[in-house]
Enquirer: 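Sharing a structure here in structure tokens format.
Owing to the predicted nature of the structure, the values given are computational and were not obtained by experimental measurement. Basis for what follows: all heavy atoms, side chains included, without hydrogens, waters or symmetry-related copies. Order of the sequence lines fixes the chain letters, A, B, ..., with proteins taken first and strands second; residue numbering starts at 1 for each chain.
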Amino acid sequence: MGRIIFIQNIIGGLETGSLYALAALGVVLIYRVSDVTNFAQGEMAMFSTFVTFTVWTYSRAAGYSYPYLIAFFSALIFSAVFGYLIERVFIRPTTESSLLGKMIVTFGLILIVNGSASAIFGTDSHYLQRAVGGTIIISNLVIRPHSFFVIFLALVIMGVLFYMIKYTMFGVAIRATAQDRETARLMGVNTIKVTAFTWIMATIMGAMAGLMIAPATNVSTGMMADVHLKSFIAAVLGGFTSFVGPVIGGLIIGVMDNLVGYYISTNWQTVIVYGILILILIFKPYGLFGTRPQKKV
Amino acid sequence: MENTSVETEMLTVRNISAYYGNIQALDSVSIKILAGEIVSLLGANGAGKTTTLKVITGQLKTRRGEVRLSGRDITGEDPEKIANLGLTMIPEGRKIFPELSVRENLKIGYYTRRKKGSWQDKLPEVFEIFPVLEDRQEQSGGTLSGGEQQMLAIARGLMAEPRIMLLDEPSLGLAPMIVKKIFEIIKNINQEGTTILLVEQNANLALKLADRAYILETGRLVHSGPARELSQDEKVREAYLGSR
Ligand SMILES: Nc1ncnc2c1ncn2[C@@H]1O[C@H](COP(=O)(O)OP(=O)(O)O)[C@@H](O)[C@H]1O
Ligand SMILES: [Mg+2]
């Protein structure tokens, strides 16, 4: 029995952890390419989830055969457009402002996106189905296929992103832009396009995290609070200067959260997880996989 | 019309002035480079050499004057657009990407040509000129020595198969032996058909290599002419060649 509960905790931890990882990777992608810390990532994901939920509700009411599938693909399309628009309208005009200025812009975005969501969708909380329903029971081990779907989806998205960044010409352009924007432009790289791409990609990843966590949190304006906070912790833990770090960080936080919550105490869960994070940062100030950031000249 | 060997202008800089805030760094500078030439832009530290290059590449906007590439007005265009027109800059301080591998640095050099061919096909040609880079392909750029980094910067520029290459003080901080080698390579690149604008403080070497040269002093052109004439000019010798 003990081992089964342990396994269940691990799987549950990997499930939420992979969502933290997705969201964290989005934040780090934007940060590395344009020095902007997008504090509004969670709110943007919430907004995307509301749109997805609305499509799902209408599709069901209209009697379409695969309402969830329709909603899923509209989430992909909407979040891509949404990410592009946010970058174009709020971020690009403030490219030349200070780091603090850029930070304030994304704080402002929190208010704008959250306010718009309340105004458009209301403040009620709504049920949204799981991507894959049902449970599988293997000798007392209760597994939701949804967990595996979530982990699989996160792996696919991250796999595609990593492959692109590592091997394609555009991926090298992304890393070059992250290291030295001015020299990347001398190489012929349209860095404005690169930045726009990172916002699109990050917003899609946020939207997927929102859609996958929604069955547990319900769809509401506050639904992303936990994932958003944990994704930032994951990024700090793994290191903002690495792409792999935040993913590992997310998985560690997810699993640790579950284990500490179950075996030690739910009351102390948050305190202990943060305590461990701070301990790690004392010994690895730039995160587990991070390196001291090189000064941009 | 009967003269088929009309010298074609590769790069024409006309009366450009540039400012940093309210401080004027360039005052009405004009430079002309014909296709196939090596032209050197000389001057002491702070004379405005880098500023001139930055105006040409579009990194710095000029208030007055114009820049033409093969007759086409490129004044005020964005750097990435100018790079796509076949002008490649090897910036001061090499500016290689330290966290990209040597191979990846070369790969990004091919960015403007990515739709026309494959970067891997271009590699052997570049490795033939810089064998040391072939041995260090997988190393990250930041781990190379100064001389190797300069070679990588030039190699990265060659990947773009440029029509004109601008080099900003490639000799800076390098041992004489390596400088000599790099200047030989620049000469070869030129003989293969690439027009060169070479910015240098090291006037001795640059005048030996160049066909013509311009000399900048505090933002203004003070001398220009064939390199051989300049190297024999009394005033130039006194000010730049260390003879008294
Ligand atoms: N970013 C900058 N801001 C303000 N002044 C600058 C800047 N870059 C260069 N300058 C000034 O412009 C002048 C020309 O500089 P530069 O073109 O770099 O000279 P060079 O390349 O010939 O050494 C110098 O007086 C320098 O101090
Ligand atoms: Mg200079």
Enquirer: To the closest 0.5 Å, what do you measure between NZ (Lys166(A)) and CD (Glu104(B))?
Expert: 5.5 Å
Enquirer: Check the surroundings of atom CZ in Arg113(B): do more than 12 heavy atoms from other residues, nucleotides or ligands lie under 6.0 Å from it?
Expert: yes
Enquirer: Is any side-chain heavy atom of Arg156(B) less than 4.5 Å from a side-chain heavy atom of Thr183(A)?
Expert: yes
Enquirer: Measure the CE-OH distance between Met187(A) and Tyr110(B) for me, rounded to the nearest 0.5 Å.
Expert: 15.5 Å
Enquirer: Are more than 12 heavy atoms, taken from residues, nucleotides or ligands other than Glu128(B), located less than 6.0 Å from that residue's CD atom?
Expert: no
Enquirer: If you count every heavy atom of other residues, nucleotides or ligands that lies below 6.0 Å from Glu96(A) atom CD, does the total exceed 12?
Expert: no
Enquirer: Among Ile82(B), Asn105(B), Leu100(B), Thr112(B), who wins on heavy-atom pairs under 4.5 Å with chain A?
Expert: Leu100(B)
Enquirer: Roughly how far apart are Gln179(A) CD and Glu99(B) CD, rounded to 0.5 Å?
Expert: 4.5 Å
Enquirer: Ignoring hydrogens and geometry, is there a side-chain-to-backbone donor-acceptor pair from Glu80(B) to Leu186(A) under 3.5 Å?
Expert: no
Enquirer: Step through the shown structure and confirm whether more than 12 heavy atoms of other residues, nucleotides or ligands are within 6.0 Å of CZ on Phe283(A).
Expert: no
Enquirer: Is the shortest side-chain heavy-atom distance between Phe97(B) and Arg175(A) below 4.5 Å?
Expert: no
Enquirer: Could you name the residues of residues 38-76 of chain B that have a heavy atom within less than 4.5 Å of a heavy atom in chain A?
Expert: Lys54(B), Thr57(B), Gln59(B)
Enquirer: Considering all heavy atoms of both residues, which atom of Ala176(A) and which atom of Ile108(B) are nearest to each other, and what is their separation?
Expert: CB-CG1, 4.2 Å
Enquirer: Can Glu182(A) and Lys95(B) be counted as an ion pair, charged N to O under 4.0 angstrom?
Expert: no
